[in-house]
Amino acid sequence: MSTKRIVIMGKSAKMYNYCVAGFSVDDAKWSRPVSCNPAIQEAVPRNAMFYSDGSRVQTFDIVEIQCADKPPDNLIQPENFYYDESYRWKKVGETSLEKILNWRGFDSCESIFYNNERSVSPDYIKTQNARKSLLLLPITNLTVKVERYDDYPKYYANFNYMGKRYWRFSVGDIEVRDYHKDKAFGEYHFRDKAIAIFSLTNPFYLDNKCYKMLAHVF
């Protein structure tokens, strides 16, 4: 059984559980632990986000995770690996955003996940050699649009990156969602400048498109 050590960079909302992403300590590459539970779309369950002493897994923790024997098989999200759910994650250290930026820096890309739109075709992604579903990028003029459907709130991010305005990225950052949860329908300025993690979803069952998400904001 192999072990991975990753720096936790974000815990975004997914199926009332978590999508967790971080950097491998060994090579500074993105790494996304996923569960073997298809009922929650392989999200990390809430009860897995606690260490053996009862403390909660936090951003910038350095965590040791036991890998499952099940091999990853996801062309859209090549960073994924299945973890062994019979072992608790173990905290072995912690770091900071400043140290991470000095160690690794931002990702380099002219557009966010293959194009300048809010979604991309999985068929197109599969033709690409350098596939990614996670990015760390600096952005500006971040606003959050609050919409409600049957009184259920939805949150969308609009922002600038590399001179281009991006629209209607779903917001997975739990703190950003909580901050806006009681706000009325409308668009709200959130940050002049920010550092953000972006995540690309698996194909949505209704239209077979992969959608881009604002997963975490620093």
Side-chain angles (χ1 to χ4, degrees), residues 8-23 30 32 34 41-44 59 74-80 97 106-125 128 130-149 152-218:
I8 303 294
M9 291 296 295
K11 307 178 296 179
S12 57
K14 181 178 181 181
M15 297 293 292
Y16 300 101
N17 291 282
Y18 293 102
C19 177
V20 180
F23 296 129
W30 280 108
R32 182 192 285 114
V34 294
Q41 297 180 8
E42 300 180 343
V44 178
T59 303
N74 190 323
L75 292 177
I76 306 299
Q77 298 179 332
E79 305 90 347
N80 292 7
L97 181 60
F106 295 114
D107 289 295
S108 177
C109 58
E110 293 185 2
S111 60
I112 299 176
F113 301 129
Y114 312 104
N115 62 31
N116 293 325
E117 307 302 323
R118 67 186 295 252
S119 67
V120 60
S121 161
D123 290 335
Y124 177 79
I125 295 172
Q128 302 303 298
R131 293 186 294 272
K132 295 181 179 179
S133 69
L134 291 163
L135 293 168
L136 180 70
L137 301 172
I139 60 174
T140 59
N141 194 17
L142 171 61
T143 64
V144 175
K145 181 76 176 292
V146 179
E147 299 180 7
R148 294 184 182 274
Y149 301 91
Y152 180 80
K154 288 184 176 293
Y155 310 96
Y156 298 99
N158 305 322
F159 58 91
N160 293 346
Y161 174 70
M162 294 286 286
K164 168 71 177 178
R165 187 71 173 166
Y166 288 84
W167 301 91
R168 292 183 67 79
F169 279 31
S170 292
V171 176
D173 187 306
I174 296 169
E175 292 185 5
V176 175
R177 289 160 61 126
D178 285 346
Y179 180 80
H180 292 88
K181 67 180 180 181
D182 296 322
K183 295 186 182 295
F185 181 99
E187 186 174 1
Y188 300 89
H189 180 268
F190 189 63
R191 293 283 189 275
D192 290 327
K193 295 181 179 180
I195 294 171
I197 296 174
F198 293 97
S199 178
L200 185 67
T201 71
N202 286 309
F204 186 47
Y205 73 98
L206 289 178
D207 59 10
N208 197 41
K209 292 181 179 180
C210 299
Y211 283 89
K212 305 171 187 183
M213 296 190 64
L214 179 68
H216 194 88
V217 179
F218 298 103

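As the structure is a prediction and not an experimental result, all values here were calculated from the model.
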### Task
Tell me yes or no: between the side chains of Glu187 and Asn158, is some donor less than 3.5 Å from an acceptor?
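Side chains of Glu187 and Asn158: pair found under 3.5 Å.
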Under a 4.5 Å cut-off applied to non-hydrogen side-chain atoms, are [X] and [Y] in contact?
X      : Y      : answer
Met213 : Ser170 : yes
His216 : Ile174 : no
Leu75  : Arg131 : yes
Ile125 : Leu200 : yes
Phe169 : Ile112 : yes
Asp173 : Ser12  : no
Thr59  : Phe218 : yes
Val20  : Ile8   : yes

Looking only at atom types and distance, does a side-chain atom of [X] sit under 3.5 Å from a main-chain N or O of [Y], one as donor and one as acceptor?
X      : Y      : value
Lys212 : Phe113 : yes
Arg32  : Ser133 : yes
Lys183 : Val146 : no
Asn17  : Met15  : yes
Thr201 : Tyr211 : yes
Tyr155 : Gly172 : no

### Message
Under the criterion salt bridge (charged side-chain N to carboxylate O under 4.0 Å, His left out), I'd like the reasoning laid out for Glu147 against Arg168: C-alpha separation, chi angles, the key distance, then a yes or no.
### Response
CA-CA 11 Å; Glu147 299 180 7; Arg168 292 183 67 79; 2.6 Å; yes
### Within the 6.0 Å centroid threshold, strictly below: Phe198 and Phe159
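Between Phe159 and Phe198, which both carry aromatic rings, the centre distance is below 6.0 Å.
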### Minimal non-hydrogen separation, Ile197 against Gly10, with atom names
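Of all heavy-atom pairs spanning Ile197 and Gly10, the closest is CD1-N, 4.2 Å.
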### Task
Would you verify whether the NZ or CZ of Arg165 falls within 45 degrees of the ring axis of Trp167 while also being under 6.0 Å from that six-membered ring's centre?
yes
### Message
Using side chain to side chain contact (heavy atoms under 4.5 Å, CB included), reason through His189 and Asn141 one step at a time and then give a plain yes or no.
### Response
CA-CA 7 Å; His189 180 268; Asn141 194 17; 3.9 Å; yes
### Query
Which of parallel (below 30°), tilted (30 to 60°) and perpendicular (above 60°) describes Tyr161 and Tyr166?
tilted
### Non-neighbouring partners of Phe190 that pass ring-ring contact (aromatic ring centres under 6.0 Å, His included), sequence neighbours left out
Tyr179, His180
